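Each remark here refers to the structure printed beneath this line.
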Amino acid sequence: MAKDASFDIVSEFDKQELTNAIDQVKRELTTRFDLKDSNSDISLEEDKAILITTNDEMKLKNIYDILQSKLVKRNLSLKILDPQKVENALGGNVKQQIKLKKGLSTELAKKITGFVKETKLKVQASIQGDSVRVTGKNRDDLQEVIKAIRAKEDEIDAPLQFTNYR
């Protein structure tokens, strides 16, 4: 048996569930009375952003609300959404790009390693690209670290998953 146990802290989302949620929103755009003839569209741009175009800002807000509800139903965190400012589009329409957050930024990874050090447990946290690896001899300490990070999740503006627990 290995002498050290470890797990990774990552920030990812299920691409297939996101695609399914956007497809559901598209279907709802064609059936909802207030959005039926509004020339509204929503599209996914290479798993990096979502683009919404419609007639006016009120309809844009409604479509964004529908998108949020579909994401929640599919167990996707709303923290992956990073809405940009509303812009004017051709033909008097408006558009909004919603960037998708994936991976931990360097500053967020440093913040997470700080949280791990605050626990004062015998574990080490190291930044591995866009994830953080936590290692320690005792699996119970690793479980405590996961609990501590989940307790501080409201301070972190990205959805966190704990993977590769060994």
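Just so it is clear, the model here is predicted, and its values are computed rather than measured. The basis for the numbers below is simple: all heavy atoms, side chains too, and nothing from hydrogens, waters or symmetry mates.
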Determine, stepwise, if the pair D82 / K101 fulfils salt bridge (charged side-chain N to carboxylate O under 4.0 Å, His left out). CA-CA 7 Å; D82 182 19; K101 297 179 194 171; 5.2 Å; no
Does the side-chain hydrogen bond (donor to acceptor under 3.5 Å, both in side chains) test come out yes or no for Q128 and S126, once each step is laid out? CA-CA 6 Å; Q128 312 261 319; S126 60; 3.1 Å; yes
Run the side chain to side chain contact (heavy atoms under 4.5 Å, CB included) check on K102 and K15 step by step: do they pass? CA-CA 11 Å; K102 188 172 184 182; K15 294 174 195 163; 3.2 Å; yes
Verify side chain to side chain contact (heavy atoms under 4.5 Å, CB included) between D8 and V132, making sure each step is shown before the conclusion. CA-CA 6 Å; D8 293 336; V132 175; over 6 Å; no
Report the C-alpha distance between N55 and N39 in whole Å, list the side-chain angles of each, state the deciding distance to 0.1 Å, and finish with yes or no for side chain to side chain contact (heavy atoms under 4.5 Å, CB included). CA-CA 7 Å; N55 288 352; N39 255 354; 3.9 Å; yes
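With sequence neighbours excluded, no residue satisfies side-chain contact (heavy atoms from CB on, under 4.5 Å) with S69.
Between the Q96 side chain and the Q84 main chain, a donor and an acceptor come within less than 3.5 Å of each other. The backbone N or O of E155 sits less than 3.5 Å from a side-chain atom of K111, completing a donor-acceptor pair. S11 places a side-chain N or O within donor-acceptor distance of the main-chain N or O of P159, the cut-off being under 3.5 Å.
Under a hydrophobic clustering in which Ile, Leu, Val, Met, Phe, Trp and Tyr are joined whenever their side-chain heavy atoms come within less than 4.5 Å, directly or via other members, I98 and M58 fall into different clusters. No chain of hydrophobic side-chain contacts below 4.5 Å, direct or via other Ile, Leu, Val, Met, Phe, Trp or Tyr residues, connects I112 to V10. Note: the hydrophobic cluster containing L108 also contains V145 (ILVMFWY, side chain heavy atoms under 4.5 Å, direct or indirect links). Taking hydrophobic clusters as Ile, Leu, Val, Met, Phe, Trp and Tyr residues chained together by side-chain heavy-atom distances below 4.5 Å, L78 does not share a cluster with L51.
Looking at heavy atoms from C-beta onward, R74 lies in side-chain contact with Q24 at the 4.5 angstrom threshold. Side-chain atoms of F13 and L18, non-hydrogen and from C-beta on, do get closer than 4.5 Å to each other. With a 4.5 Å cut-off on side-chain heavy atoms, K70 and I22 do not count as touching. You'll find the side chain of L104 reaches within 4.5 Å of the side chain of L160, heavy atoms only. A heavy-atom distance below 4.5 Å is found between the side chains of I146 and F7. Counting only heavy atoms from C-beta outward, the side chains of V116 and V134 approach each other to under 4.5 Å. Residues L100 and I50 have side chains in contact (heavy-atom distance under 4.5 Å, counting atoms from C-beta outward). Using a 4.5 Å heavy-atom cutoff, the side chains of E144 and D140 are not in contact.
Listed here is the closest heavy atom pair of T54 and L60: CG2-N, 3.5 Å. Pairing each heavy atom of L35 with each of S40, the nearest pair is O-OG, 4.4 Å. Nearest heavy atom pair, residue D141 against residue K122, reads OD2-N, 4.0 Å. Nearest heavy-atom pair across K95 and N88 is CE-O, 4.4 Å. Of all heavy-atom pairs between I156 and K79, the closest is O-NZ, 3.0 Å. In this structure, L142 and G136 approach most closely via the heavy-atom pair CD2-N, 4.1 Å.
Here the NZ atom belonging to K137 is positioned 12.5 Å from the OG atom belonging to S6, to the nearest 0.5 angstrom. Atom CG of D23 and atom CG of L44 lie 9.0 Å apart (nearest 0.5 Å). The structure places CD1 of I80 at 9.5 Å from CG of D14, a figure rounded to the nearest 0.5 Å. Rounding to the nearest 0.5 angstrom, the gap separating the CD1 atom in I42 from the CD atom in E28 is 10.5 Å. The line from NZ of K26 to CD1 of I66 is 14.0 Å long, rounded to the nearest 0.5 Å. F162 contributes atom CZ, which lies 10.0 Å from atom CD of Q143 (distance to the nearest 0.5 angstrom).
Sorted by first and then second residue, the pairs that involve residues 56-66 and meet salt bridge (charged side-chain N to carboxylate O under 4.0 Å, His left out), not counting sequence neighbours, are D56-K59, K61-D65.
With salt bridges taken as basic N to acidic carboxylate O contacts below 4.0 Å, none links E45 and K48.
Under a cut-off of 6.0 angstrom, the local environment of CD in E118 is crowded, with over 12 non-hydrogen atoms contributed by other residues, nucleotides or ligands.
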